[in-house]
Asker: 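Here it is, the structure, as structure tokens.
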Amino acid sequence: MSPFASSISKVFYGTFIHSVSIKEIEYVPNGLLFVNTHGRIAKIVKNVPKDQVRGVLDGVADSKVVLLNDDQFVIPGFVDSHIHAPQYAYCGNGHDIPLLDWLDTLTFPHEAKFKDASYARRVYTKAVARSLRNGTTSACWFATIHLDATKELVKVIEEQGQRAYVGKVNMNQNSPDILRETTQSSVADTRAFIKFVNAINDAQSFDTKPLVTPIITPRFAISCTSDLLTELGKLAAEFDIPVQSHLCENLNEIEFAKSLFPNSTDYTSVYADHGLLTHRSIMAHCVHMTDEELQLMKDRKAGISHCASSNFNIKSGLANVRKMIDMDLKVGLGTDVAGGFSSSILDAFRTARTCSIARSPDNSLLVPELFYLATVGGARVMELDDIIGNFVVGKEFDAILVNTAAKHSPLDIFEHDTIHTKFEKYLFVGDDRNNEKVYVQGKEVRLPDF
């Protein structure tokens, strides 16, 4: 066996679909995609007739070849750039009240339960499993203020095999006493959490990027004093790790934030002034942004997570994603459970489409743009687009094997359907039942059978 053949763990033969730009989806029929033992894409050969496959395998054993049928195709794994793990337990509830009231009456009382790490593990096990079942191979998770519970989230993610950014939430003001930290305790627990994740990663031998990365997570500026934000900015710089928070989601939130930080020019500047707006920052929502704030985001190379479902459900507004794209801002999709009613990026895709049409019927987002946001766009927001997002030699193989004719599939296939129409049906009609297999770093993830 040749050195190349021995380095290959799996070869897929069939149709591959991915974004090559925000305007273009590439359909590769009769393609061969080689994945090596390090979970990276080693080789891609396009348009290989079935009777010529063996001659192109370069000695790779037939047992390593996955043959796709005409109803199957492989796409990059979805990227959820904003999701709250503890809120999964009440996903679908409370969508009749606006943001700040929603936090006080539903979110904060529930998150207080996560002082119990065993309870946290039970919720987090289901939240991560559902996310993977929905085809999300990479996610940016908010936890709670509780150090032990957040460690449990990391353990669950490691066990289930998802790629993730995980943040211990920071709050030392404008929150219930039971969820209010001191500046000192918040910083100390955040530092301890970062070291906990880094120790796990240091103890493992990686040929690929570690699955879990700690992320600095002030809930939003309203929940943190200036001294806490400053210290969190210092931690992000010290450990060279990403930052995530909420920004300009709701008009009342914006006015409240500005009143708390009168020395900052605007809400976005609050994060910038405290060292929390960098090329590794992910800001969720950005519904009500001024031109100056969008330009500041671009100047700092910060990313935006568009969470249309949540913005509809808790009546926040319609984000101008078309403008963000035209400015070449980094934009991905977020489910924002439980503001969003589902942890499926397919649902986020569809709701983002509706939002775009409602905001600008004559210049709404098209399918290639939305699919890009769900994959490459999310990877860009996470600063992982050199590692994941589409099928390029050298990138890690995070993918979904889709079966449009799966048992109990919600979509129907007819004789006239082509691979193009099957793909679009999956995007607009399909669900987790069509996600036959999910791969992260080239390894098949064990999917729950809910």
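Any value given below was found using the heavy atoms of this structure, including those in side chains, with hydrogens, waters and symmetry copies removed. The chain is numbered in sequence order, starting from 1.
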Asker: Begin with the C-alpha distance, continue with both residues' side-chain angles, and end with the deciding distance and a verdict on salt bridge (charged side-chain N to carboxylate O under 4.0 Å, His left out) for Lys209 and Glu396.
Answerer: CA-CA 9 Å; Lys209 185 177 178 64; Glu396 296 179 15; over 6 Å; no

Asker: Show your working on side-chain hydrogen bond (donor to acceptor under 3.5 Å, both in side chains) between Ser309 and Thr351 and close with a plain yes or no.
Answerer: CA-CA 6 Å; Ser309 175; Thr351 315; 4.7 Å; no

Asker: Are Tyr372 and Ser21 close enough that a side-chain donor and a side-chain acceptor fall under 3.5 Å?
Answerer: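 No, no side-chain donor-acceptor pair sits under 3.5 Å.
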
Asker: Tell me if the centroids of the rings in Phe349 and Phe428 come within less than 6.0 Å of each other.
Answerer: yes

Asker: Do you see a donor-acceptor pair shorter than 3.5 Å between the side chains of Lys395 and Asn390?
Answerer: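 Yes.
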
Asker: If you count heavy atoms of other groups shown closer than 6.0 angstrom to NZ of Lys115, is the number above 12?
Answerer: no

Asker: So do the side chains of Lys10 and Tyr439 get within less than 4.5 Å of each other, counting heavy atoms only?
Answerer: yes

Asker: Does any part of the side chain of Val438, heavy atoms only, come nearer than 4.5 Å to the side chain of Thr137, both counted from C-beta?
Answerer: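 Touching, per the 4.5 Å side-chain cut-off.
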
Asker: Please find the pair of heavy atoms, one from Glu158 and one from Val212, that lie closest to each other, and give the distance.
Answerer: OE2-CG2, 3.7 Å

Asker: Please report whether the ring centroid of Phe12 lies less than 6.0 Å from that of Phe397.
Answerer: yes

Asker: Can you measure from CG (Asp328) to CD1 (Ile22) and round to the nearest 0.5 angstrom?
Answerer: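 So the gap between those two atoms works out to 8.0 Å.
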
Asker: Phe73 versus Thr404: any side-chain heavy-atom pair under 4.5 Å?
Answerer: yes

Asker: If only side-chain N and O atoms count, and only distance matters, is there a donor-acceptor pair under 3.5 Å linking Glu111 with Thr144?
Answerer: no

Asker: Could you pull out the closest heavy-atom pair between Val376 and Gly389, with the gap in Å?
Answerer: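 Scanning both residues completely, I find the closest heavy atoms to be CG2-O, 3.3 Å.
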
Asker: Can you confirm whether Asp71 is buried at CG, in the sense that more than 12 heavy atoms of other residues, nucleotides or ligands lie under 6.0 Å from that atom?
Answerer: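 Above 12, so yes.
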
Asker: Under the 3.5 angstrom rule, does the side chain of Ser310 hit a backbone N or O of Cys307 as a donor-acceptor pair?
Answerer: no

Asker: Please report the closest heavy-atom contact between Tyr271 and Ser245, naming both atoms and the distance.
Answerer: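 For Tyr271 and Ser245, the tightest heavy-atom pair comes out as OH-OG, 3.0 Å.
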
Asker: Enter the distance from Leu318:CG to Ser356:OG here, rounded to the nearest 0.5 Å.
Answerer: 10.0 Å

Asker: Determine whether Ile241 and Ile194 make a side-chain contact, defined as any pair of heavy atoms from C-beta on separated by less than 4.5 Å.
Answerer: yes

Asker: Any side-chain heavy atom of Val166 sitting closer than 4.5 Å to one from Val197?
Answerer: no

Asker: Are side-chain heavy atoms of Leu33 and Val74 found at a separation under 4.5 Å?
Answerer: no

Asker: If you count heavy atoms of other groups shown closer than 6.0 angstrom to NZ of Lys64, is the number above 12?
Answerer: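 It does: Lys64 NZ has more than 12 such atoms within range.
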
Asker: Look at Arg122 together with Glu152 and state whether they make a salt bridge at an N to O cut-off of under 4.0 Å.
Answerer: no

Asker: For Asp347, is there an ion pair with Arg350 - N to carboxylate O distance below 4.0 angstrom?
Answerer: yes

Asker: Are Asn170 and Thr190 linked by a side-chain donor-acceptor pair shorter than 3.5 Å?
Answerer: yes

Asker: As a quick check of understanding, evaluate salt bridge (charged side-chain N to carboxylate O under 4.0 Å, His left out) for Glu238 and Arg191, giving each step before the final call.
Answerer: CA-CA 10 Å; Glu238 176 184 347; Arg191 180 178 290 275; 2.8 Å; yes

Asker: Would Lys168 and Phe193 count as a cation-pi pair here, with the cationic atom under 6.0 angstrom from the ring centre and within 45° of the axis?
Answerer: no

Asker: I'd like to know if the side chain of Thr217 pairs up with that of Tyr165 as donor and acceptor (distance under 3.5 Å, no hydrogens or angles considered).
Answerer: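 There is no such pair between these side chains.
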
Asker: Minimum heavy-atom separation for Gln72 and Leu401, please, with both atom names.
Answerer: NE2-CD2, 3.7 Å

Asker: Mind checking whether Phe423 and Phe371 have ring centres under 6.0 Å apart?
Answerer: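 Ring-ring flag for Phe423/Phe371: true, centres closer than 6.0 Å.
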
Asker: Could you walk me through whether Ser7 and Asn36 pass side-chain hydrogen bond (donor to acceptor under 3.5 Å, both in side chains), step by step?
Answerer: CA-CA 5 Å; Ser7 74; Asn36 67 24; 5.9 Å; no

Asker: Establish, yes or no, whether a centroid distance under 6.0 Å links the rings of His285 and His82.
Answerer: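 Aromatic pair counts; centres sit under 6.0 Å.
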
Asker: Between the side chains of Asn250 and Ser316, does any donor sit under 3.5 Å from an acceptor?
Answerer: no

Asker: Can a side-chain donor-acceptor contact be found between Gln162 and Trp141 if the only test is distance below 3.5 angstrom?
Answerer: yes

Asker: If the plane angle is over 60° it's perpendicular, under 30° parallel, otherwise tilted; pick one for Phe142 and His84.
Answerer: tilted

Asker: Using atom types as modelled and distance alone, determine if a side-chain donor or acceptor of Asp417 lies under 3.5 Å from a backbone N or O of Ile413.
Answerer: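 Not a single qualifying donor-acceptor pair exists.
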
Asker: After noting the C-alpha distance and the side-chain angles of Asp385 and Lys330, does the key distance pass the salt bridge (charged side-chain N to carboxylate O under 4.0 Å, His left out) rule?
Answerer: CA-CA 11 Å; Asp385 51 309; Lys330 297 186 299 187; over 6 Å; no

Asker: Strictly distance-based, threshold 3.5 Å: is any side-chain N or O of His95 a donor or acceptor partner for the main-chain N or O of Asn313?
Answerer: no

Asker: Are any of the side-chain heavy atoms of Val381 and Ile304 separated by less than 4.5 Å?
Answerer: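 A side-chain contact is absent here, since even the closest heavy-atom pair is not under 4.5 Å.
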
Asker: Would you find a donor on one side and an acceptor on the other, under 3.5 Å apart, between the side chain of Gln160 and the backbone of Thr125?
Answerer: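 Yes: the side chain of Gln160 pairs with the backbone of Thr125.
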
Asker: Determine whether Asn434 and Ser409 satisfy the following criterion, side-chain hydrogen bond (donor to acceptor under 3.5 Å, both in side chains), listing intermediate values before the conclusion.
Answerer: CA-CA 6 Å; Asn434 298 110; Ser409 171; 2.9 Å; yes

Asker: Verify, without hydrogens or angle tests, whether Asp398 (side chain) and Gln441 (backbone) share a donor-acceptor contact under 3.5 angstrom.
Answerer: yes

Asker: What is the minimum heavy-atom distance between Thr375 and Gly77, and which atoms define it?
Answerer: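 Heavy atoms of Thr375 and Gly77 come nearest at CG2-O, 3.9 Å.
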
Asker: Contact between Leu67 and Val65 at the side-chain level, heavy atoms closer than 4.5 Å - yes or no?
Answerer: yes

Asker: Determine yes or no for a side-chain-to-main-chain donor-acceptor pair under 3.5 angstrom, with His246 supplying the side chain and Met283 the backbone.
Answerer: no

Asker: Report the C-alpha separation of Arg280 and Asp240 in whole Å, then their side-chain angles, then the decisive distance to 0.1 Å, and conclude whether the salt bridge (charged side-chain N to carboxylate O under 4.0 Å, His left out) test is met.
Answerer: CA-CA 9 Å; Arg280 302 196 72 187; Asp240 188 25; 3.6 Å; yes

Asker: Checking Ser364 against Arg353: is there a side-chain donor and acceptor pair closer than 3.5 Å?
Answerer: yes

Asker: Verify whether one side chain among Asp116 and Ser118 offers a donor that lies under 3.5 Å from an acceptor in the other.
Answerer: yes

Asker: If only atom types and distance count, is the side chain of Lys298 paired as donor or acceptor with the main-chain N or O of Met327 below 3.5 Å?
Answerer: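 Pair found, side chain donor or acceptor close to backbone of Met327.
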
Asker: With respect to Asp189, which candidate in Thr150, Leu147, Ile145 satisfies the side chain to side chain contact (heavy atoms under 4.5 Å, CB included) definition?
Answerer: Leu147

Asker: What I want to find out is whether Asp62 reaches Arg54 closely enough, with some N-O distance under 4.0 Å, to be called a salt bridge.
Answerer: yes

Asker: Can you say whether the rings of His110 and Phe114 are parallel (under 30°), tilted (30 to 60°) or perpendicular (over 60°)?
Answerer: perpendicular

Asker: Is a side-chain N or O of Arg163 found less than 3.5 angstrom from the main chain of Ala139, in a donor-acceptor match?
Answerer: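 No; zero donor-acceptor contacts below 3.5 Å.
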
Asker: Considering non-hydrogen atoms only, spot the tightest contact between Leu447 and Asn435 and give its length.
Answerer: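 So the minimum-distance heavy-atom pair works out to CD1-O, 3.8 Å.
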
Asker: Between the main-chain N or O of Leu366 and the side-chain N or O of Glu369, is there a donor-acceptor pair closer than 3.5 Å?
Answerer: yes

Asker: Is the count of non-hydrogen atoms from other residues, nucleotides or ligands lying under 6.0 Å from Lys315 atom NZ greater than 12?
Answerer: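 Count over threshold, so yes.
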
